[in-house]
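Notes for the one structure printed next.
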Protein chains: 4
Amino acid sequence: MPPFDLLVHNGQIVTPQGVVRVDVAVRGEVIAGVFDPSESVGARSVVDATDRYVIPGAIDAHVHFDLELMGKAKHNFESGTIAAAFGGTTTVIDFALDFSGQVGSLLERIERRRAQAEGKAVIDFAFHCGVNDGSDRTLGDIEQLVADGVPSFKLFTVYRDMNLYVNDATLHSVLERLAGCGGMGAVHTENADLVEYYTRRLLAAGKRTPVDYPASRPSVAEAECIRRVIYLAGAVKAPVYIVHIAARQALAAVQQARAAGQPVYGETCPHYMVLTEAMYQRPDGYNYIMSPPLRSAADNAALWDGLAGGWLSTVSSDDNSIDVEDKRAGQESFDRCSPGCVDVETRLPIMFAEGVAKQRLTIERMAEVTATNPARIFGLYPKKGVIAVGSDADLVLINPRAQLTVSPETLHMQVHYSPYAGWELTGLRRPSRRGG
Amino acid sequence: MPPFDLLVHNGQIVTPQGVVRVDVAVRGEVIAGVFDPSESVGARSVVDATDRYVIPGAIDAHVHFDLELMGKAKHNFESGTIAAAFGGTTTVIDFALDFSGQVGSLLERIERRRAQAEGKAVIDFAFHCGVNDGSDRTLGDIEQLVADGVPSFKLFTVYRDMNLYVNDATLHSVLERLAGCGGMGAVHTENADLVEYYTRRLLAAGKRTPVDYPASRPSVAEAECIRRVIYLAGAVKAPVYIVHIAARQALAAVQQARAAGQPVYGETCPHYMVLTEAMYQRPDGYNYIMSPPLRSAADNAALWDGLAGGWLSTVSSDDNSIDVEDKRAGQESFDRCSPGCVDVETRLPIMFAEGVAKQRLTIERMAEVTATNPARIFGLYPKKGVIAVGSDADLVLINPRAQLTVSPETLHMQVHYSPYAGWELTGLRRPSRRGG
Amino acid sequence: MPPFDLLVHNGQIVTPQGVVRVDVAVRGEVIAGVFDPSESVGARSVVDATDRYVIPGAIDAHVHFDLELMGKAKHNFESGTIAAAFGGTTTVIDFALDFSGQVGSLLERIERRRAQAEGKAVIDFAFHCGVNDGSDRTLGDIEQLVADGVPSFKLFTVYRDMNLYVNDATLHSVLERLAGCGGMGAVHTENADLVEYYTRRLLAAGKRTPVDYPASRPSVAEAECIRRVIYLAGAVKAPVYIVHIAARQALAAVQQARAAGQPVYGETCPHYMVLTEAMYQRPDGYNYIMSPPLRSAADNAALWDGLAGGWLSTVSSDDNSIDVEDKRAGQESFDRCSPGCVDVETRLPIMFAEGVAKQRLTIERMAEVTATNPARIFGLYPKKGVIAVGSDADLVLINPRAQLTVSPETLHMQVHYSPYAGWELTGLRRPSRRGG
Amino acid sequence: MPPFDLLVHNGQIVTPQGVVRVDVAVRGEVIAGVFDPSESVGARSVVDATDRYVIPGAIDAHVHFDLELMGKAKHNFESGTIAAAFGGTTTVIDFALDFSGQVGSLLERIERRRAQAEGKAVIDFAFHCGVNDGSDRTLGDIEQLVADGVPSFKLFTVYRDMNLYVNDATLHSVLERLAGCGGMGAVHTENADLVEYYTRRLLAAGKRTPVDYPASRPSVAEAECIRRVIYLAGAVKAPVYIVHIAARQALAAVQQARAAGQPVYGETCPHYMVLTEAMYQRPDGYNYIMSPPLRSAADNAALWDGLAGGWLSTVSSDDNSIDVEDKRAGQESFDRCSPGCVDVETRLPIMFAEGVAKQRLTIERMAEVTATNPARIFGLYPKKGVIAVGSDADLVLINPRAQLTVSPETLHMQVHYSPYAGWELTGLRRPSRRGG
């Protein structure tokens, strides 16, 4: 047996079976062997992972790089994936959302995005394909894409003005087709009627500041829509993935469906778990304008419980790196700035410091919701999402005793703000040695 | 004590407490006394009700007389109420649905309809006020109308082309206002997107005959919408009345909400309980085009169970007496005829013959769903809906051993068809003598 | 029409249909007519009931007079029924619980109790028949008794030492037989194993005072047993009546079963709704030793909600008038005194003052749970439980503005204590005039 | 790196992450490395596993070897573990059930059983400790045993005559203590009152043959008891393991609790999934007398669904190898023979042929319920139950295309019958190559 290319030695490997102390050997880009650390295995390069957690490279299933839809994202595929990598993320799933009509088939849209990323991205990437109509041609394209290995399709129940919105019939037919061909819908769920109505009323009443923003997209709009989408998905026996869940009533709908055995997968984001609408009262409250908005501490708590309890499946960043000048326009009127939160680099540190270190989540569960589950749900598993022989050698080392002060300056995000600026992220006092 | 004006002697009076043999004495238009039949009470006129059931005059909470919206109804307030009276109905609740914009306030719309009925109707009448917008003016009018004694408001989640449709935001604001002022929403619940989509697809595919019709308004469209309306009503703590429930999945949503204590009231119609979509295969299948459409025998059975079990609250006719020429146009293409079923005269006979005589329903429950509950829900109780001292002397006698062959010729409906034409309605073989 | 024997004029009659102002005319012992107060009806005797509520005579479905089982009751059928009558109760249902073996058939046991009451009781009475075995002879007797008009049978899941206990198999067979012949089981539900165990442990640990008592019969023992009895009843499709529910977890089991459509009826008592285990800290805490014990304020609140919401069906007194000397022995060791609470005279005043006047319960619902429901459940309806022509003229007048200070001296109970001694029962400030 | 002791080359390794083609290298008794098959790994001994599934050695968490309680088991630890090994089982968990009073502490009982097994057993073994009282001494022993690595305790709700029975109070206190110290109760759940009653009645009525047997232990007895045990466990926040679930109503109780998040683990056995009470009609019907009894095809189907759906956690054999002479006595009267089924060798073949090959279960799920879950639940994980570096090298190879005719002669079970005698166990037609 020739020496391996790389050996990660003596780390605390996080697996679905628990944390175990083993060596991981890599040949090329693939994990070629897993050993007891006492075995003397030859390798050209050795990383000492003693007292480090080794987790499967995190997957961020919800990023928006090179986006020109709601404001222009500062992250292109190069800068965005660099930030991701610094944050422990080794794969991103972005979106093909060009509904300008200039790009023909769904496949072409995907290809165009691939071309944008190719050569720029420093980590692996994939795309969800956006869908905003239910025409026979689109339904046919969906089947083709699934067959070609693009299994997931993004649908929006809001943003009529941006041509993203699909109505219930389109939703129903697309989900039905996806059920038939083994694809997966990923749905942004807010009730368009309610969101447009409350937005209009607030603006008309002169309630325009960031503090007024959350009332324009109330929890009931999110919760109603999730219930509706779940019901329509159930009617056609389609699995469905609900993106960026923020409200506890929305989580409750997912929980109810899953308890009844329906294949529903809920995503949330770090910011919905650790920040509240109190942020809108800050001088830079505009930086927190995103959809859905930040909610209450009770919602935070429910999301942590839902994540630990297995009701929520993934944590993504929904990274949308809006320029600070654009955001600042929201100070005057919340509808003047592009919604979005920049979180691709901070996602994993927040999950570790606020989740694992504060014992809201085990390290195994953190790996599951940041890597294993996104891989499984979006067809990347077992190539991604697990440390196992034959899987890609996407490995992230975590020093559980490290401390980090979040600073936009030292982060690699292309905007000069962070929702967590100034936070002290404290690691574990004593690293767990389970399985060591 | 001077002699009463009228004495209904020795009947089997149907009360919520059971069937009892008592005399009912009337002075003017009001029940002035209730006695043991052995008391010798003086009256100017005596009706011998021996071996007859005496029920509170039935209330039909869903009729469309003098309608010029979906086809022109043949029933005006005179002919319609005559047919109603022959069918044992002594009060109808019709609708004020003039959204032409020519009639100003909601109150004016109600007044205009009252004027149409006044002097023509041979029985009592009231109106639900239609609402198709959620403007501040309309919300104010709603409060005023509730204060003035018009407690119920009709909302449509379909019929965008006829300007009846309200979106979720309007629904939400109207229900919220109704919750605040003690009013009641009555909602036609079908998912507009789904109905329009399936209709378009069928027509485009050349599937246009009455047999194709039910697929244009599938159960999922009804069930989804009921769930949504119930959720939105619950969010603003508003009671809500769901009209003409046809699908068992829709009933299930009502049942779930009521079991959880939510004030939701479900209405169904006789035709949804005894007819199935097999009727669309008849040569005159067009006569059965109504919305929602007739469904399956399993739905029939579920509705009977739901009615007996207390999950459904009322049975109305949704009488819409479309001219047979108009209906016939549906033969060629189901969208060419006006939807609607004529049932105001047959409602009670069907409920007795198919419900009570076949032991699917007690006579007490029949009285409850055809009289007591509509009276309670729409603010007419205890003036209407019960045989009690002080209540209106609206009394209907039923000969439980009578037999009736349904024939458009002998009925008083202004159209020359009946969904039950030729049916033999058999009464009870032996009248129950409970309490006698 | 000859003059009536009695006319109750111009009262606010409480009916299931609401409160209405009518005259009630009585001939012999039966209500012979109901009139509008403006009718000039002749009567030999007239009671002016202006500004009084008139309710159907209350039924107390759970009293123990002339009992020699757990201590000797001070109330015999004369003194007990006098106290009942002063408290607005016109019918009591007591028990035939002689399991000494000296009295043969169940029918003989009932006859023996009837003989005890006959000539002494000043109001109407009936009996539940106790059952403590499932022998073929007993099952046959049950069928006979139901045919003879004794529809209800008491079963105890505790009190092994007093020969009252039935095990699950006896319970199961008795309920199965009752389902077959239209009878009703009334079950005291506490888990015998748990109660005996906790009692023994507390006593062994020297925890013997009234304050220690509640821990000997914890809520889990009540709740587990109710769930078990409901499950066994459901398995044989038998209706079942659960006596004296005290714990909110127990109520939850009833609620769950009823929401699923199972015919389960829950009884509670005034003392479980207004008193808490804090009473055991009083110097006379021994007077509050009863089984199950008083529980917490949260349980009180849940019971009020359950009663108002329709989940609980009746309120009885479980009157067991233990001599104060006997009770006092409980001071030293809670197992030394007989359990029981004296409440037959105070039941209705407490329900009115604490329930109706404090708006936890409508007057209609009070009449339902104290009269109508017990009558329905135990086969006395419509002779009892309703003010209607043909029903017994059991009428109780309530002055809603009266005030009462509870005092053992002025009450007619044969023990010199009351759980509510010193309470100021305040009526309604303004009588409701609904329907007047 | 010196050559490994053993290399299992090129097999289809079954992991929780799916089936993957890897090499497994063993040093001593432990898995020391896992490699890509293309790596040339040195080993002293190589097993070619091409086209074989390699699963973690199965764990049978419910066997009775060397039992002298209900008849004398023919399997001692030598013959029983040999049969187990031939059936693909590498670890058994037996019981210490000596309640004779001659063996003092729980620990001594465990030690005595260990001594019986030591030197005889050819595979690994462990013990559940039987508990039949809730004394302070026993509760203390339980804590000690859990600390010493014996985490599970068997409780019986039946078998009063054999001194196995615990009442609800003992159950409650033991579960409470287990919750406190991290142990696990494993409960045989049948309602003793019901089982004794129905047994007595049948025997008294002369209904004594094997065909009569199932009625002596009806589903309601199993289902009621499971509900009760789950409720009591929930009340003290104790996890609980329910052994040998046979009835679908019993499964439903487990499902309901798990859906609500309660840590309840259900076990079933192969015979409950593939055999029905029709077996009692065979000439050798007595061989199928076991408790609980075999049930219907509907129960079979529900158990497969429950297993596939994640509601049931494990499949064990409940092997109790009663001598055929003893069993035959059951022909005359079902209470004359010892209950029990012999299944330790056939468990895995039945699960593969009837479960995996018939596509009721994936191979991954089969490994989970026969190895991973028992290991996790009973504290053997990750030493057992998974193929991973550091775990014991318990490896079972399955040839998915092999065929087997079950014959007592070729099996290694010490009784000359098998519940599946004559069955043709057909493997997969085409081996799955997922992940290969």
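Numbers restart at 1 for each chain; the letters A, B, ... are given by sequence-line order, proteins then strands.
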Measure distances from C/R258 to the heavy atoms of chain B and classify the residue's part below 4.5 Å as side chain, backbone, both or neither.
neither

Using heavy-atom distances under 4.5 Å, tell me whether B/A388 contacts chain C through its side chain, its backbone, both, or neither.
neither

Answer key: most heavy-atom pairs under 4.5 Å with chain C among B/G390, B/A259, B/A32 is B/A32

Which atoms of B/R27 come close to chain C, meaning under 4.5 Å heavy atom to heavy atom: side chain ones, backbone ones, both, or neither?
side chain

Please say which of C/T15, C/V24, C/V34 ends up in a side chain to side chain contact (heavy atoms under 4.5 Å, CB included) with B/V389.
C/V34

